[in-house]
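All remarks here apply to the structure that follows.
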Amino acid sequence: MQYWLMKTEPNECSIDDFANQPSEVIRWDGVRNYQARNFMRNMHIGDEVFIYHSSCAHIGIAGIVRVTRSAYADPSQFDTESPYFDSKATKEKPRWDAVDLQFVRKFSQIISLDKLKTLPELAENSLVKKGSRLSVVPFSKAERDAVLQLTNQQ
DNA sequence: GCCAACGTTGGC
DNA sequence: GCCAACGTTGGC
């Protein structure tokens with residue numbers, strides 16, 4: 001089992017989109033950064049993913065989802081109507097991958113970025129590093145446990 | 001809305 | 001292979 005965090009703007013896709021249809025899977029597509037894509041290729045079915053809300057009023061970790069399908073070619077790269085269309089991607093040589101995710105739990109309160117920055121366990125995690133734009137972030141078990149500890153205190 | 005930080009592109 | 005220019009991310 002591995003642990004991850006994925007960033008999203010909640011007006012695009014939020015923890016509520018998962019919570020409102022907990023038996024459905026949602027395709028996580030549109031990742032257009034090679035480092036993030038490479039992390040997605042390392043995901044396995046059952047891995048836990050923190051959902052992080054960015055660029056919004058309440059920035060922080062909103063809940064947990066689970067990987068239900070490992071990386072496969074992101075269909076949006078071939079879709080000329082999609083904002084994620086990539087003219088350099090071909091079916092023979094896709095550039096970008098998607099994974100499927102399913103709801104696990106929503107935290108009663110967002111774990112704010114300010115709070116996350118106070119955790120010594122997260123000091124080396126790229127999420128809290130200034131200027132980090134990585135949208136798919138690996139978490140060690142110790143880092144993940146430190147975050148979950150906060151939810152128990154809520 | 002601002003802007004620092006970052007990743008990508010493309011000319012050379 | 002370098003690096004300036006550009007577009008995007010994301011906190012504030």
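In this text, all values refer to a predicted model and were calculated from it rather than measured experimentally. A, B, ... follow the sequence lines: proteins, then strands. Residue 1 opens every chain.
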Examine distances only and state if a side-chain atom of [X] and a backbone atom of [Y] form a donor-acceptor pair shorter than 3.5 Å.
X         : Y         : value
Ser132(A) : Ser126(A) : yes
His58(A)  : Gln109(A) : no
Asp47(A)  : Gln2(A)   : yes

Distances under 3.5 Å only, N/O to N/O: pair up the protein atoms with those of nucleotides 3-5 of chain C.
none

Could you state the atom-to-atom distance from [atom1] of [X] to [atom2] of [N] in whole Å?
X         : N       : atom1 : atom2 : value
Ile61(A)  : dG11(C) : CD1   : P     : 12 Å
Leu127(A) : dG11(C) : CG    : C1'   : 12 Å
Asp86(A)  : dG7(B)  : CG    : C1'   : 15 Å

Here's a test for you: under ring-ring contact (aromatic ring centres under 6.0 Å, His included), which of Phe50(A), Phe39(A), Trp4(A), Tyr52(A) qualifies with Phe139(A)?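 That would be Phe50(A); it is the only one of Phe50(A), Phe39(A), Trp4(A), Tyr52(A) passing the ring-ring contact (aromatic ring centres under 6.0 Å, His included) with Phe139(A).
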Test applied, ring-ring contact (aromatic ring centres under 6.0 Å, His included); reference residue, Trp96(A); option that passes from Tyr34(A), Tyr84(A), Phe78(A):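 Running ring-ring contact (aromatic ring centres under 6.0 Å, His included) over Tyr34(A), Tyr84(A), Phe78(A) with Trp96(A) returns exactly one hit, Tyr34(A).
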Minimum heavy-atom distance Glu12(A)-Asp17(A), with the two atoms named: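 Residues Glu12(A) and Asp17(A), closest heavy atoms: O-OD2, 4.2 Å.
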Per-pair distances, 0.1 Å, donor-acceptor, side chain in residues 19-28 of chain A, under 3.5 Å, sequence neighbours excluded:
unit_1, atom_1, unit_2, atom_2, d
Asn20(A), ND2, Asp16(A), O, 3.1
Arg27(A), NE, Tyr72(A), OH, 2.8

What's touching nucleotides 8-10 of chain B from the protein side, N or O pairs under 3.5 Å?
none

How would you label the contact of Lys117(A) with the nucleic acid (heavy atoms, under 4.0 Å): base, sugar-phosphate, or nothing?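 Contact class for Lys117(A): sugar-phosphate only.
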Arg66(A), CZ atom: more than 12 neighbouring heavy atoms under 6.0 Å: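 Not buried by this count: 12 neighbours or fewer within 6.0 Å.
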